[in-house]
Peer 1: 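Shown below is the structure under consideration.
Residue numbers start from 1 in every chain, and the chains themselves are labelled A, B, ... in the order their sequence lines are given, proteins ahead of strands.
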Amino acid sequence: MIDKIFDPASFEQSIYARWEREGAFRPSRPEAKPFTIVIPPPNVTGSLHIGHALDNTLQDMLIRWHRLNGRDARWVVGTDHAGIATQMVVERQLAESQAPGRTAMGREAFVEKVWAWKEESGGTITRQLRRLGASCDWDNERFTMDDGFNKAVLKVFVELYNQKLLYRDKRLVNWDPKFKTAISDLEVETREIAGSFTHIRYPLADGARLDNGADHIVVATTRPETMLGDTAVAVGADDPRYASVIGKHVLLPITGRRIPIIADEHADPELGSGAVKITPAHDFNDWQVYERNKAIGWINILDAAACICAANGVPANYVGLTREDARKKVVADLEALDLIERIEQKTIHMPYGDRSGVVIEPWLTDQWYVNAAELAKDALSAVHDGRTQFVPKTWEKTYFNWMENIQPWCVSRQLWWGHRIPAWYGVSKETAELIAGGEEDSSKMGPLFAFNIGHCEVAETEEEARRQFAQRYECTIDEVQVAHELPEGGWSSRDSKYILYRDRDVLDTWFSSALWPFGTLGWPEQTNDLARHYPGDVLVTGFDIIFFWVARMMMQGLHFMDDVPFRTVYCHGLVRDAKGQKMSKSKGNTIDPLVLIDKFGADALRFTLTAMETQGRDIKLNESRIEGYRNFATKLWNAARFAQSNGIGGSTSPLPPAASQPVNRWIIGEVKQAARALEQAIADFRFDAYADAIYKMVWSRFCDWYLELIKPLLAEGADAAVAAETRAVAGWALDQILVMLHPVMPFITEELWSKLAVRDDLILASWVQTDALPEDAAASADIDWLIGLISEVRSARTELNVPPSAKLPYAVDGASVDTLVRLASNAAVIERLARILPGDAGEGGRLAVVHAEATFLIPVADVIDLAAEKTRLDKALAAAAKERDALAGRLGNPGFTEKAKPEAVEKAREDHAARSAEAERLQAALSRLG
RNA sequence: GGGCGUUUAGCUCAGUGGUAGAGCAUCUCGUUUACACCGAGAGGGUCGGGGGUUCGAAACCCUCAACGCCCACCA
């Protein structure tokens, strides 16, 4: 029996456990067409936030729908190691517990610590996904740092390297001084801040003067401290103000260095003074200037923490200052020298690390880069020619725009948690000793191999790296050893000749995430899973990671699998709070999906997110909406209880029972129409339309009308054959509803399904046999008429304040034979729902209800307010007349009758006739009132 | 600076050429045996402004405005 009270918490978790135990998430369907989704892997140590809830609800809905439709549906699941985020968390924990920090404990111990944390907290988010009802293929759960993934990552790295699509380069990177690692362009966010713009006078050297007599050049900067690293001043080649000093020098204040005045296109005569200071090592533009004018050289004045380091011309009392302190000191010193022209306050743009929140420093380092522009070519054409489609399509523009301007992708990170880069640098034994002794100046490390700069061997294994090195430098493998640190007491003369050091860096997390669609399926092994489930059908994700993830999966998938990773990319919006604010921990406006699940049930949350997912819009989530859909679930629950208490159980066939009664034939047609609408919604990825259609089917059709209309048929004394037919059809229709609702509300539907009959789980049942369902236009017309009549009578009664309980007689005027038949055959229902029954309507004050061609006259002498009835009829008449006249106007317009579609003209004629007749009958009723 | 999106009932949103819709909220009535997490009914919108195309525009085009997002090295 179905419990009297609907309490989702009482069955959700046990149903989920049953599904999982029985292997329902991945039934064996070797003959069926696969349907594949790979989950966007959540951070392994993270917990479920509302964005996950949305993303995974949509995926689960698609998976469940296709599973019901017989597909070999597979939702590939796993978690991401989330390099920088996870390392950050563990470092913070160490700090909080007063434990030795990362550097103090050393790389190996620290990485062990992170693995321990992963083991400890790694199950949280997958448990939470289960609470949501996500029907993932848990038996094949993956992790972006498991052994298989590691193999895939190494292979990809080595192959790209051998194909010259991945290389090491010295150039400016976005350097995060807090985490002391390089980050990619995408991890930098530009913020507008209140800053100052300092105009500095650089004195001309050797007594030179500008044409206007000035003995200095004014340059402006938002970062005065970088002047310590200036190596030139650039001016426009054709700028008359400076033509005479090009090739001469300025004396760089504070440092005492002489730096040249050069002509370069970067200087824009229209801007500021037209002269610009050049700091190649700390500014992306200035590095370009250096590339064009190598003679100026570059000077690095910052260390990894963005503090001033010893460098040519940097006074000793600057060394060790933070960049902020150095800025103050530079300005103060320049003031003292009277070299500040002015300081302007203005809004400036500054780059910040999206994780660290500190100002990003352009810094000159050696890093690994992927030639993204090359890989982007196919990834662009695959979307252009439709092999992969974005939904909504508007995101394709975003994708194109980024891909067409893509920059080299910096993939190395100076972190410890991640896939270590498979590159080994060879040095001589002597150099190795120097390195071990702390030497950092590569120029002292021997001519052949300079640490971290010279040639390296890229290979999947250490052995292979040794072999490659030995071959290249014509020595034996034994002469090449791999070292992690200097052996106790140094190397003896009998040891190897060369030492290989593995690159200390790890790969960007997104480098491995990019392999997710094929790495999870066993690649580089050519597994059956890979053949069967690549490419996937749909990727469901937030638009905010199109660049980070989608684009990179496209590139790697096409390059290594020679096919797109998925056919469709569905991009949903952000979930915001009820006021439309972005949720964030600092604002304190986050909504915990687990709290909502506890309060309203997972189904209600899922239905809400589905219903609110309209394409191309963010979701403003309001708790009242969830409550409303919890009420919807309650409504269904009670309807099922009513069914059960009336002997209605599960159906025995996916095809509907034979039905003679119009109401039964009608509901079968309604099921068909609802199923059609749902199928269309899935085809269009219109999640809101899906929710809307099933909501209406359940509440507005099945509960509001069907159940009410069949009550008389099931009542005591009713025809037994009709009652039996009705029970069968009702049971069938309820089953179809459970099937149709299951993708969105899996728990309540499964619970009711099993309580209505003993049978296999709903999760593996079959979708509605839409095409085989009959539609009966006559039955639909009958029921539409009936519903219309009841509604009209109810409306009139309420407007005139007729007590709802009063049963009143009616007389009918102008009714056709068909109508008289309908009245007779639906007498019981009309009496019950409209609370009127045939009788003598007398001659006195009568309420007139116009419906179709008939006017129903209901005596309400005791209660009727004649003035109110007149008002009501006047209003109805005005509405009918207005429409009648509008239609007449249209029909009288030759432009319409000649140019509009014939169906539209025909419909206008029909409507005009109907409205005219209605108006006449209303007029007659008014006259009758006197 | 470039690009994209949004603007429809009090709120949240559907509606892409043919008589303005839903849910929630509001108001009225209701102990008719599934459900008050309910039932019945009602009120509420010159579809952001202006112009154009069309027989007909919330929808298509132009323009303006407001709000939001993304990208971008103006020192």
Peer 1: For G1(B) versus U8(B), give the span between their P atoms, rounded off to a whole number of Å.
Peer 2: 28 Å
Peer 1: Which one, U7(B), C35(B), G39(B), comes nearest to the side chain of R617(A)?
Peer 2: U7(B)
Peer 1: Could you list all the salt bridge (Lys or Arg N to Asp or Glu O under 4.0 Å) pairs where at least one residue sits in residues 219-229 of chain A, not counting sequence neighbours?
Peer 2: R223(A)-E225(A), R223(A)-E361(A), E225(A)-R327(A)
Peer 1: How is the base pairing of RNA chain B summarised as a dot-bracket string, given the Watson-Crick and G-U wobble criteria with both distances under 3.5 Å, [ ] for crossing and | for another strand?
Peer 2: ((((((((.[[[[.)..(..]]]].(((((.......))))).....[[[[[..)....]]]]])))))))....
Peer 1: Taking only the P atom of each, what is the distance from C27(B) to A34(B) in whole angstrom?
Peer 2: 29 Å
Peer 1: By nearest nucleotide on RNA chain B, pick out whichever of A220(A) and N893(A) is the more 5' one.
Peer 2: N893(A)
Peer 1: Using the C1' atoms only, state how far A58(B) lies from G17(B), rounded to an integer number of Å.
Peer 2: 11 Å
Peer 1: Rounding to an integer number of angstrom, what distance separates U63(B) and G68(B) when you compare their P atoms?
Peer 2: 23 Å
Peer 1: Please test Y570(A) against E613(A) for side-chain hydrogen bond (donor to acceptor under 3.5 Å, both in side chains), starting from the C-alpha separation and ending with a verdict.
Peer 2: CA-CA 11 Å; Y570(A) 183 84; E613(A) 174 54 24; 2.6 Å; yes
Peer 1: What distance, rounded to whole Å, do you find between the two P atoms, one in A42(B) and one in C24(B)?
Peer 2: 16 Å
Peer 1: According to a strict under-4.0 Å criterion, is R794(A) in side-chain N/O contact with OP1 or OP2 of C29(B)?
Peer 2: no
Peer 1: At less than 3.5 Å, do the side-chain atoms of E708(A) and the base atoms of A34(B) form a donor-acceptor pair?
Peer 2: yes
Peer 1: Which value, rounded to the nearest 0.5 Å, describes the distance between S184(A) atom OG and N174(A) atom CG?
Peer 2: 7.5 Å
Peer 1: Could you work out the separation of A40(B) and U32(B) based on their P atoms and round it to a whole Å?
Peer 2: 13 Å
Peer 1: For L709(A) and G39(B), what is the distance between atoms CG and P respectively, to the nearest whole Å?
Peer 2: 15 Å
Peer 1: Answer yes or no: side-chain N or O of K397(A) and base N or O of C4(B) forming a donor-acceptor pair under 3.5 Å.
Peer 2: no
Peer 1: Give the rounded distance in Å between these two atoms: CZ of F543(A) and P of C69(B).
Peer 2: 10 Å
Peer 1: May I have the list of side-chain donor-acceptor pairs in residues 699-710 of chain A shorter than 3.5 Å, sequence neighbours left out?
Peer 2:
{"residue": "Y706(A)", "atom": "OH", "partner": "N664(A)", "partner atom": "OD1", "Å": "2.7"}
{"residue": "E708(A)", "atom": "OE1", "partner": "K711(A)", "partner atom": "NZ", "Å": "3.3"}
{"residue": "E708(A)", "atom": "OE2", "partner": "K711(A)", "partner atom": "NZ", "Å": "3.1"}

Peer 1: For every nucleotide of nucleotides 16-25 of chain B, 5' to 3': is a protein heavy atom under 4.0 Å from its base (B), only from its sugar-phosphate (S), or from neither (-)?
Peer 2: --BB---S--
Peer 1: Determine the Euclidean distance between corresponding C1' atoms of G10(B) and A25(B); express it in Å to zero decimal places.
Peer 2: 7 Å
Peer 1: What nucleic acid atoms does K635(A) come within less than 4.0 Å of, heavy atoms only: base, sugar-phosphate, or nothing?
Peer 2: base
Peer 1: Mapping D704(A) and A639(A) onto RNA chain B by nearest heavy atom, which one lands closer to the 5' end?
Peer 2: A639(A)
Peer 1: Would you say S795(A) places a side-chain N or O within less than 4.0 Å of OP1 or OP2 belonging to A42(B)?
Peer 2: yes
Peer 1: Rounded to the nearest angstrom, tell me the gap between atom CG in L800(A) and atom C1' in G41(B).
Peer 2: 12 Å
Peer 1: Answer yes or no on whether R552(A) is positioned over the face of W409(A), meaning its NZ or CZ is under 6.0 Å from the six-membered ring centre and within 45° of the axis.
Peer 2: yes
Peer 1: Between U28(B) and G49(B), how many Å separate the two P atoms, rounded to a whole number?
Peer 2: 33 Å
Peer 1: Is there any salt bridge (Lys or Arg N to Asp or Glu O under 4.0 Å) pair reaching into residues 880-892 of chain A, and which pairs are they, with sequence neighbours excluded?
Peer 2: E883(A)-R915(A)
Peer 1: Hey, is the side chain of K4(A) pairing donor to acceptor with the base of A34(B) inside 3.5 Å?
Peer 2: no
Peer 1: Given C13(B), C69(B), A75(B), which nucleotide is nearest the side-chain atoms of T614(A)?
Peer 2: C13(B)
Peer 1: Please identify each residue that fulfils side chain to side chain contact (heavy atoms under 4.5 Å, CB included) with A275(A), with sequence neighbours left out.
Peer 2: I217(A), V219(A), V233(A), V235(A), Y242(A), S273(A)
Peer 1: Run the salt-bridge test on E869(A) and R872(A) with the 4.0 Å N-O cut-off and return the result as yes or no.
Peer 2: yes
Peer 1: Are any of K711(A)'s side-chain N or O atoms less than 4.0 Å away from OP1 or OP2 of A34(B)?
Peer 2: yes
Peer 1: Which residues satisfy the side-chain hydrogen bond (donor to acceptor under 3.5 Å, both in side chains) test with W637(A), sequence neighbours excluded?
Peer 2: none
Peer 1: Mind jotting down which residue pairs meet the side-chain hydrogen bond (donor to acceptor under 3.5 Å, both in side chains) criterion with at least one end in residues 603-612 of chain A? Sequence neighbours excluded, please.
Peer 2: D60(A)-R606(A)
Peer 1: With respect to the side chain of F547(A), which nucleotide from G43(B), U12(B), C70(B) is positioned closest?
Peer 2: C70(B)
Peer 1: Take N631(A) and E627(A) through the side-chain hydrogen bond (donor to acceptor under 3.5 Å, both in side chains) test and state the conclusion after the steps.
Peer 2: CA-CA 6 Å; N631(A) 296 352; E627(A) 190 182 345; 5.1 Å; no
Peer 1: For the pair made of CZ in R727(A) and P in A34(B), what is the distance, rounded to whole Å?
Peer 2: 14 Å
Peer 1: Hey, does A267(A) reach any base, or is it just sugar-phosphate, or nothing, if we go heavy atoms under 4.0 Å?
Peer 2: base
Peer 1: For R576(A) and U6(B), what is the distance between atoms CZ and C1' respectively, to the nearest whole Å?
Peer 2: 12 Å
Peer 1: What's the CD1-C1' distance between I619(A) and U12(B), to the nearest Å?
Peer 2: 11 Å
Peer 1: Would you please confirm or rule out a distance under 4.0 Å between OP1 or OP2 of A40(B) and any side-chain N or O of T798(A)?
Peer 2: no
Peer 1: Check whether any side-chain nitrogen or oxygen of N631(A) sits under 4.0 Å from OP1 or OP2 of C38(B), and answer yes or no.
Peer 2: yes
Peer 1: Taking the minimum atom-to-atom distance to the side chain of R686(A), which one of C71(B), A75(B), A14(B) wins?
Peer 2: A14(B)
Peer 1: Rounded to whole Å, how long is the line connecting atom CG of N638(A) with atom P of C37(B)?
Peer 2: 11 Å
Peer 1: With a 4.0 Å limit, can you tell me whether R630(A) has a side-chain N or O closer than that to the phosphate oxygens OP1/OP2 of C35(B)?
Peer 2: no
Peer 1: I need the CD1-P distance between I748(A) and A34(B), as an integer number of Å.
Peer 2: 18 Å
Peer 1: Do any pairs count as a salt bridge (Lys or Arg N to Asp or Glu O under 4.0 Å) and have a residue in residues 265-281 of chain A, sequence neighbours left out, and if so which ones?
Peer 2: D230(A)-K277(A), E265(A)-R292(A)
